[in-house]
Visitor: 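Take this structure, written in structure tokens, and hold onto it; I'll ask about it next.
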Amino acid sequence: MEKLCRFGTNRVIEPKGVLPQAATKIDNTMIVKDNEILIDVITLNIDSASFTQIKQACNKDVNKMEEMILDIVNTRGKMQNPVTGSGGMLIGVVKEVGSAYPVSTVQAGDKIATLVSLSLTPLKIDKIHSINITNDQVHISGQAILFETGIFAKVPEDMDEHLVLAALDVAGAPAQVDKLVKEGDSVVIIGAAGKSGVLCAYQAMKNAGPNGTVIGVVNEEWQVQLLQDLRLCHSVVLADATNALEVYDKVLAVNGEQVDVTINVVNVQNTEMSCILVTKDTGIVYFFSMATSFTKAALGAEGVGSDVTMIIGNGYTKGHAELTLNLVNNAPKIKALFEQKYT
């Protein structure tokens, strides 16, 4: 009899001895084991760093993007971009619950959003129906497996499923901001006009309060106007996040000094030093971006003599799904923006 593992290591094909996320190939046979859930998948939400890489590699050719996604899944048994190492999440309907699955509140027919990465989720795609090149969502027919330790959220009946998927894909970011930003803090958000950026800006404004300062950094003129219309930042800086000195000079020009907390939610590489330079020695940098290089961040901070505390963007923190869905429902302008883009 096969020995089952709550972490899903029994599905790892190679290399043996690692967890599913670190594996290069996992078993995506869609026969549910006793401690698993089988899901009929509706939509994949590819994480922003991965989707951007695929889009650039395929020159925005949707047919080539489809081929690339299918090749990744067929080769690895999961949607894990071999360049970025990241995945995303999915939404679907529970088809079958294993007899020993520990969560009694889920049953066949429930519509759920998985809150663990596609980079560790066994996935089989039968057909890609469409790829939305503007919002990172891929509509498919296929199935997926959720392990015993895989967290999920039931999709609220009063919210559009694609809006829920978009919000929950980045739920860890505003929830971590809620833990990090205190009353009176000064905050910089690198990539403030993106999906996770607007959620983080809203949460930062709420936590920092009337005595705090929230500064958004964006790289396009229309994004400046967007944030001003949403009233999500006290100041918006137009700068290239890969140009650390430009970001540093412009942030100090509006704030007069370095900030307490910096949140990085961009989807491109080489933005580590912008975050480090604009943050006080006693401050915190939160790298939510999957494009972050640990080596560049660690050695870069050392190189400029910065004692900043750096936090890796764990996509999970307790209560993150509830906080993010409540945020969207209680921020009419953000909800309208998400509905326009994702529904």
Visitor: I'd like to know if the side chain of Glu36 reaches the main chain of Lys33, judged simply by a donor and an acceptor atom lying under 3.5 Å from each other, with no hydrogens or angles considered.
Guide: yes
Visitor: Can you say whether the rings of Tyr101 and Phe152 are parallel (under 30°), tilted (30 to 60°) or perpendicular (over 60°)?
Guide: tilted
Visitor: Verify, without hydrogens or angle tests, whether Asp281 (side chain) and Ser306 (backbone) share a donor-acceptor contact under 3.5 angstrom.
Guide: no
Visitor: Can you list the steps and then say if Ser289 with Asn267 is a side-chain hydrogen bond (donor to acceptor under 3.5 Å, both in side chains)?
Guide: CA-CA 6 Å; Ser289 169; Asn267 57 14; over 6 Å; no
Visitor: Please check this pair: side chain of Arg11 against backbone of Asp27, looking for a donor-acceptor N/O pair closer than 3.5 Å.
Guide: yes
Visitor: Report yes or no: does Thr279 contribute a side-chain atom to a donor-acceptor pair with the main-chain N or O of Cys275 at less than 3.5 Å?
Guide: yes
Visitor: Give a yes or no on whether the backbone of Thr75 and the side-chain of Lys25 come within a donor-acceptor separation of less than 3.5 Å.
Guide: yes
Visitor: For the hydrophobic clusters of this structure (ILVMFWY residues joined by side-chain heavy atoms under 4.5 Å, transitively), does one cluster hold both Leu327 and Val181?
Guide: yes
Visitor: Short question: side chain of Asp185, backbone of Ala208 - any donor-acceptor pair under 3.5 Å?
Guide: no
Visitor: Tell me if a side-chain donor or acceptor on Gln80 pairs with a main-chain N or O of Gln21 at a distance below 3.5 Å.
Guide: yes
Visitor: May I ask whether Ile284 and Ile215 are part of the same hydrophobic cluster, defined by side-chain heavy atoms of I, L, V, M, F, W, Y residues being less than 4.5 angstrom apart, directly or through others?
Guide: no
Visitor: Is Thr43 reaching over with its side chain to a backbone N or O of Ile91, donor-acceptor style, under 3.5 angstrom?
Guide: no
Visitor: Does one hydrophobic cluster hold both Val278 and Val218, with members joined at side-chain heavy-atom distances below 4.5 Å?
Guide: no
Visitor: State, to 0.1 Å, how close Asn264 and Thr271 come at their nearest heavy-atom pair, and which atoms those are.
Guide: ND2-OG1, 2.9 Å
Visitor: Is any side-chain heavy atom of Leu19 less than 4.5 Å from a side-chain heavy atom of Leu120?
Guide: no
Visitor: Determine the minimum heavy-atom distance between Leu277 and Ala244, stating which atoms define it.
Guide: CD1-CB, 3.8 Å
Visitor: Check Phe288 against Gly315 and note the closest heavy-atom contact, atom names and distance.
Guide: CE1-CA, 4.3 Å
Visitor: Taking only Lys NZ, Arg NE, NH1 and NH2, and the carboxylate oxygens of Asp or Glu, determine whether Asp260 and Lys182 approach each other closer than 4.0 Å.
Guide: no
Visitor: Just by distance, do the side chain of Asn132 and the backbone of Gln137 share a donor-acceptor pair under 3.5 Å?
Guide: no
Visitor: Would a single hydrophobic cluster contain both Ile151 and Leu118, if residues Ile, Leu, Val, Met, Phe, Trp and Tyr are joined by side-chain heavy-atom contacts under 4.5 Å?
Guide: yes
Visitor: Apply the side-chain contact (heavy atoms from CB on, under 4.5 Å) test between Ile72 and each candidate in Glu67, Met79, Lys78; give the one that qualifies.
Guide: Met79
Visitor: Could you go step by step and tell me if Glu157 and Lys111 meet the salt bridge (Lys or Arg N to Asp or Glu O under 4.0 Å) rule?
Guide: CA-CA 9 Å; Glu157 294 181 2; Lys111 186 177 288 186; over 6 Å; no
Visitor: Working note: Lys55 + Asp136, criterion salt bridge (Lys or Arg N to Asp or Glu O under 4.0 Å); need CA distance, chi angles, decisive distance, verdict.
Guide: CA-CA 10 Å; Lys55 188 162 56 175; Asp136 308 351; 5.2 Å; no
Visitor: Among the clusters formed by ILVMFWY side chains lying less than 4.5 Å apart, do Leu323 and Ile311 turn up in the same one?
Guide: no
Visitor: Please check if the number of heavy atoms outside Gln340 that lie under 6.0 Å from its CD is greater than 12.
Guide: no
Visitor: Give a yes-or-no answer on whether the side chains of Asn207 and Glu183 include a donor-acceptor pair shorter than 3.5 Å.
Guide: no
Visitor: Going by distance alone, is a donor N or O of one side chain under 3.5 Å from an acceptor N or O of the other, for Asp126 and Ser141?
Guide: no
Visitor: Which pair of non-hydrogen atoms, one from Lys124 and one from Met30, has the smallest distance, and what is that distance?
Guide: N-CE, 3.9 Å
Visitor: Which atom pair, heavy atoms only, marks the closest approach of Ala23 to Pro15?
Guide: CA-CD, 4.1 Å
Visitor: Locate the shortest heavy-atom distance separating Pro156 from Val164; write the atom from each residue and the value.
Guide: CD-CG2, 4.0 Å
Visitor: Quick check against the 3.5 Å criterion: does Asn329 have a side-chain atom that pairs as donor or acceptor with the backbone of Asn326?
Guide: no
